Amino acid sequence: MARKQLDKVYDPSQVEDRLYHEWEEKGLFKAEVDPKKTPYTIVIPPPNITGQLHMGHALDETLQDILIRFRRMQGFAALWVPGTDHASIATEAKIVEAMRKEGLSKEDLGREGFLERAWDWKKQYGGRIVEQLKKLGSSCDWSRERFTLDEGCSEAVKEVFVRLYEKGLIYRGERIINWCPKCQTSISDAEVEYSEQAGHFWHLRYPFADGSGYLELATTRPETMMGDTAVAVHPDDERYKHLIGKTVILPLMNREIPIVGDTYVDMKFGTGVVKITPAHDPNDFEVGLRHNLPIINVMTDDAKMNENAGKYAGMDRYEARKAVVADLEEQGFLVETEDHSHNVGTCYRCSTTVEPRVSKQWFVKMEPLAKPAIDAVKNGEVKFVPERFDKIYYNWMENIKDWCISRQLWWGHRIPAYYCDDCGEMVVAKEAPTVCPKCGKSHFHQDEDTLDTWFSSALWPFSTLGWPNQTEDLKYFYPTSTLVTGYDIIFFWVARMIFSALEHTGEVPFKTVFFHGLVRDAQGRKMSKSLGNGIDPLEVVKEYGADALRFTLVTGNSPGNDMRFSEEKVRASRNFANKIWNATRFVLMNLSDEITSIALPDTLTVEDKWVLTQYNSLVKEVTDNLEKFELGIAVQKLYDFIWDILCDWYIELTKSRLQAGGETSLNAQKVLAFVLAGTMQMLHPIMPFITEEIWQALPTGGGSIMVSKWPEYREDLNFGAESDEFQKVMDAIKGIRNARAQMNVPPSKKASLFIETNSPDTFKSGEAFFQRLASASEVNVSDHYEMEGAVQVVTDSARIFIPMGELIDREKELARLNKEKAACEKDIQMVQGKLSNEKFTAKAPANIVEQERQKLLKANERMAKILESIAALG
RNA sequence: GGAGGCAUAGCUCAGUUGGUUAGAGCGCUCGCUUCACAUGCGAGAGGUCGUAGGUUCGAGUCCUACUGUCUCUACCA
């Protein structure tokens, strides 16, 4: 049979889509519940349906695919559950925006109409991101694809809500929450992003009601003063404590408000007096609760002043700020205006400044849930990689506040709470009740709010596997093995999955969380739409191939660290793919039809043993590294082995044997095929396409590399001593090349070699290598040569004479040898220094001391040869 | 205010439990169209591993302080 002819340059576009379809058709992504196997499960961090695949996804998916493919080849029942997130606030914002362009509002369509439109949107765009994932080579089990708003996930959400409510862990109440005036919904604390903004500090006078003077205080938000219901001072503050209980007149509003004493006030800051606006500041709200202060909301949903704001009603909050300041100044209440920069909370979706306000919302009581979730990480049931994220997690969980889960949105899981139209009684249940338990009537309306999108994401590891039903999948694949995600969503998502899983399934959701960093641009900036510095992974795939992109994303990457992405790096990866391709071409064009399977020959040459020893330790190390999530290190080792050891050395070494033909050639072919096939298997998780293409071109039996058996370390392939012996030949070749390069001798100019050595057999057997790799015309080996006027190359095990006649410049040669002598002297000094240190010989481990002794021995031998060579120069 | 990361070659970064003379890619210099590959081959230059101490026979690696830098987090009105 004729071997497949490969093109000179690897073209991923000819390969990738074809192979992906082939894998899909053969059902290779599909995981089966198999009691004979150990499950290995990853659930995808579901991308938003509105989303476009960006570099962050590409990194995330690549890492997951590497782990899944690796474990699949190791024989695990490897399941990667894919899916998407409905992303309530982000999606709704996009749809509303699209509608606005058509002159439509949500209210125009009504809830039903809006949802219809939203589902259309999902149909149109939800599939897009899935197609993009496929371009990367993601080996997800698409038959198990899920969506956070699908029937099963919705079932899980309702079940969880009702359970938590019945346990008293979900409650509804008037609390101060973060309100986004643009998205027109509450958002959780985690969804607020703080940014430093320049503002002002307005110093104001609030006069005492009895006319005996005034209190001076400062505020950054004068427009909220219409909602002031007190002024607070520290109860221990000598300046003010006698005033507690008196009242002041709220300027502009002419309302009498009390002076209260509260330890929240920092005596050292400002004047030590704080105006209290319980409806619009989280701290003031707390103070208000402690002192039973009235709560006066002065703003509307879209952050305009409301009727409680008197003459400012109808103004936008910033407009009102100006007007209030102007009035205060005019009426003499403004003492001074100071520049002040402060942290302003903004909405993580639309960056609008959020408005803290009091409103009736649903909350999850966090303390009882947080505790077991902290313990699970502390006792190692959930392991973070790298470990440092433990601290960040503890810090958040230990200071966690109740989670506001209701959103004033339509796109999402509607809260399963029903109110009796007649008596107002509330019933929380998975299905709408038919009869009111209080009044017996039967008309209900459901709560208008939906749930925070993260409420459903928190259930993702088990809701996707069928929970609350005890499905076969759930029993077999849960808890999942590894969660791969960016450290930026540790609070939003990772923490919430942990406490949700523990509460509802009694188990951790995953055993390990493998965190990666952000992908930044070449200058180290965050890739963002507004900067326009984002690189589209799909463009990269198109131009360089998915393998090159994947390789780029893992190479030199270490867990939890940000990385820079540049096209330059992709080009290097593409070159690597091409290198592999050409190594394969070389093997295939030399591979005889007689070889029909991958198997080592019965007799191995010394260079075979050398390469197999290297290969064998590569197997061990790469496996170890992958198991420890050291993907960057594993990739580096594969790269070095393939490029340096396999291509630059071993392939070159086989050339003379391949030309010799017969048994000699066949044996070399077998070793080449064996090493190449094994290396492709180990590289497959990282570069799935090219490795599959190569695998199928090799006599591997016709199956897919995806489901081939991962290489294992073999004691019988460890030829330590013989491998070391071959190293002597390599050292000599390098030394000769070095000397020739220094003299600018082109490879075309061949020269005789006279090798003086105590290992004559080793060097004699390397004759062909010296000819091919060190430009030797003939090779002579002996235990002694007397020769003048020759270039002399000294290695640990040999002294090589190269008679080059007129090319030799005695002075230069002398300088070169003296330089080597100096370097060798330095070595000897250093090693001797160590060995003469009694503390070292006494305390260092025996093998280290022995190592140093060997080093000294070699260096001394080497020195003797160098001295002889210098003497020979005359 | 609290916490954490990072600091290694001109640039971007690796460096696993402390153990040879600290590595790679890109860039640079010299030579090479050698029958897999110029997306290549051979050779080379380039580093007091941020600073100062400490632990250790031995520190890029562990500890302390400092400097620079980035990030997260927090209620300073």
Side-chain angles (χ1 to χ4, degrees), chain A residues 6 8-10 194 201 217-221 232 264-266 268-277 281-284 286 340 342-343 356 386 388-389 391-392 394-396 399 487-488 490-491 517-518 522 524 544 555-558 560-564 566 568-569 571-590 621 624-625 628 630 632-633 635-636 639-640 643 647-648 651-652 655 659 734 737-742 744-748 772-775 823 826-827 830-831 834 837-845 847-849 851-852 854-855:
Chain A
L6 304 184
K8 198 168 169 178
V9 170
Y10 175 62
Y194 288 89
F201 226 0
L217 53 80
T219 180
T220 54
R221 302 206 52 202
Y264 153 68
V265 180
D266 180 352
K268 292 193 272 305
F269 188 81
T271 59
V273 184
V274 187
K275 71 185 203 59
I276 300 297
T277 323
D281 182 280
N283 295 305
D284 293 6
E286 297 295 322
H340 180 69
H342 57 147
N343 267 340
R388 64 170 186 270
F389 289 106
K391 287 176 207 156
I392 294 170
Y394 297 144
N395 187 43
W396 192 69
N399 298 298
Y487 60 73
D488 50 330
I490 183 165
F491 306 135
L518 264 45
Y544 298 99
T555 197
N557 185 343
S558 58
N561 283 6
D562 290 356
M563 62 171 303
R564 293 188 194 201
S566 67
E568 190 181 289
K569 289 182 184 174
R571 256 181 261 125
S573 305
R574 186 268 320 263
N575 292 355
F576 177 53
N578 198 52
K579 185 74 183 173
I580 300 167
W581 187 249
N582 277 289
T584 305
R585 282 180 67 219
F586 173 81
V587 172
L588 290 180
M589 65 179 56
N590 284 290
E621 290 177 28
D624 273 5
N625 289 139
K628 284 150 71 183
E630 295 162 352
I633 296 172
V635 165
Q636 188 64 50
Y639 180 93
D640 289 345
W643 206 305
C647 293
D648 289 347
I651 283 184
E652 295 304 326
K655 284 181 178 172
Q659 281 187 340
K734 283 186 207 170
R737 282 172 173 174
N738 185 323
R740 291 178 58 107
Q742 280 187 36
N744 275 329
V745 186
S748 52
R772 191 173 279 273
L773 304 179
S775 304
K826 208 177 136 199
D827 282 359
M830 221 174 72
V831 181
K834 272 192 191 177
N837 181 351
E838 275 173 39
K839 282 181 183 167
F840 174 72
T841 46
K843 291 193 178 177
N847 63 319
I848 298 289
V849 177
Q851 208 174 288
E852 293 297 316
Q854 289 302 322
K855 214 191 289 176

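In this text, all values refer to a predicted model and were calculated from it rather than measured experimentally. Every chain is numbered from 1, with letters handed out A, B, ... down the list of sequences.
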[N] versus [M] - spacing of their [atom1] atoms, nearest Å:
{"N": "B:rG53", "M": "B:rU67", "atom1": "C1'", "value": "15 Å"}
{"N": "B:rG27", "M": "B:rU12", "atom1": "C1'", "value": "11 Å"}
{"N": "B:rA59", "M": "B:rG50", "atom1": "P", "value": "15 Å"}
{"N": "B:rC28", "M": "B:rG46", "atom1": "C1'", "value": "9 Å"}
{"N": "B:rG60", "M": "B:rU17", "atom1": "C1'", "value": "16 Å"}
{"N": "B:rA7", "M": "B:rU16", "atom1": "P", "value": "12 Å"}
{"N": "B:rG47", "M": "B:rG42", "atom1": "P", "value": "24 Å"}
{"N": "B:rU64", "M": "B:rU56", "atom1": "C1'", "value": "16 Å"}

Under 4.0 angstrom, heavy atoms only, what part of the nucleic acid is [X] near: base, sugar-phosphate, or nothing?
{"X": "A:K655", "result": "base"}
{"X": "A:R564", "result": "sugar-phosphate"}
{"X": "A:S566", "result": "nothing"}
{"X": "A:V849", "result": "nothing"}
{"X": "A:Q659", "result": "base"}
{"X": "A:G556", "result": "sugar-phosphate"}
{"X": "A:Q742", "result": "nothing"}

What N/O pairs connect the protein and nucleotides 23-28 of chain B at under 3.5 Å? Give each pair on its own line.
{"unit_1": "B:rC26", "atom_1": "O2'", "unit_2": "A:E568", "atom_2": "OE2", "d": "3.3"}

Looking at the side chain of [X], which of [options] is the nearest nucleotide?
{"X": "A:N582", "options": "B:rG42, B:rC57, B:rA36", "result": "B:rA36"}
{"X": "A:N561", "options": "B:rU39, B:rA14, B:rU16", "result": "B:rA14"}
{"X": "A:P747", "options": "B:rU39, B:rU34, B:rG19", "result": "B:rU34"}
{"X": "A:M830", "options": "B:rU21, B:rA43, B:rC57", "result": "B:rU21"}
{"X": "A:I633", "options": "B:rU39, B:rU16, B:rG42", "result": "B:rU16"}
{"X": "A:R388", "options": "B:rG19, B:rG4, B:rC37", "result": "B:rG4"}
{"X": "A:S558", "options": "B:rU20, B:rG19, B:rA14", "result": "B:rA14"}

A:N847/A:Q851 under side chain to side chain donor-acceptor pair (under 3.5 Å): CA gap, chis, key distance, verdict
CA-CA 6 Å; A:N847 63 319; A:Q851 208 174 288; 5.2 Å; no
Please produce a list of atom pairs where a protein N or O lies less than 3.5 Å from an N or O of nucleotides 58-63 of chain B.
none

Name all residues meeting the salt bridge (charged side-chain N to carboxylate O under 4.0 Å, His left out) criterion together with [X]; count only those two or more places apart in sequence or in a different chain, and write none if there are none.
{"X": "A:D562", "result": "A:R520"}
{"X": "A:K834", "result": "A:E852"}
{"X": "A:R221", "result": "A:E223, A:E355"}
{"X": "A:E630", "result": "none"}

Compare every heavy atom of A:K275 with every heavy atom of A:D284, then report the nearest pair and how far apart it is.
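Shortest heavy-atom separation between A:D284 and A:K275 comes out as OD2-O, 3.3 Å.
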Could you check how far CG of A:N557 sits from P of B:rU16, rounded to whole Å?
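Interatomic distance, CG of A:N557 to P of B:rU16: 15 Å.
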Gap between atoms CG and P, on A:N744 and B:rC32 respectively (whole Å):
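After rounding, the gap between these two atoms is 8 Å.
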Position toward the 5' end of RNA chain B (nearest nucleotide), A:N590 or A:T555:
A:T555
I'd like to compare against my own output: the B/S/- annotation of nucleotides 72-77 of chain B with a strict under-4.0 Å heavy-atom distance to protein.
-SBBBB
What residues, two or more places apart in sequence or in another chain, satisfy ring-ring contact (aromatic ring centres under 6.0 Å, His included) together with [X]?
{"X": "A:H342", "value": "A:H340"}
{"X": "A:F576", "value": "A:F551, A:Y639"}
{"X": "A:Y544", "value": "none"}

Between the base of B:rC37 and the side chain of A:K8, is there a donor-acceptor distance below 3.5 Å?
no
Any N or O donor-acceptor pair linking the side chain of A:E652 to the base of B:rA36 at under 3.5 Å?
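It does, because a donor-acceptor pair links the side chain of A:E652 to the base of B:rA36 below 3.5 Å.
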For A:R564, side chain to side chain contact (heavy atoms under 4.5 Å, CB included) partners two or more places apart:
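Result, side chain to side chain contact (heavy atoms under 4.5 Å, CB included) vs A:R564: A:K569.
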Dump the intermediate steps for side chain to side chain contact (heavy atoms under 4.5 Å, CB included) on A:L518 and A:Y487, then the final yes or no.
CA-CA 8 Å; A:L518 264 45; A:Y487 60 73; 4.0 Å; yes
Under 3.5 Å, is there a donor-acceptor pair between the A:N738 and A:Q742 side chains?
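A donor-acceptor contact under 3.5 Å links the two side chains.
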For RNA chain B, please output the secondary structure as dot-bracket, reading 5' to 3'. Pairs are Watson-Crick or G-U wobble, both atom distances under 3.5 Å; mark crossing pairs with [ ], other-strand partners with |, unpaired with a dot.
(((((((..((((.....[...)))).(((((.......))))).....(((((..]....))))))))))))....
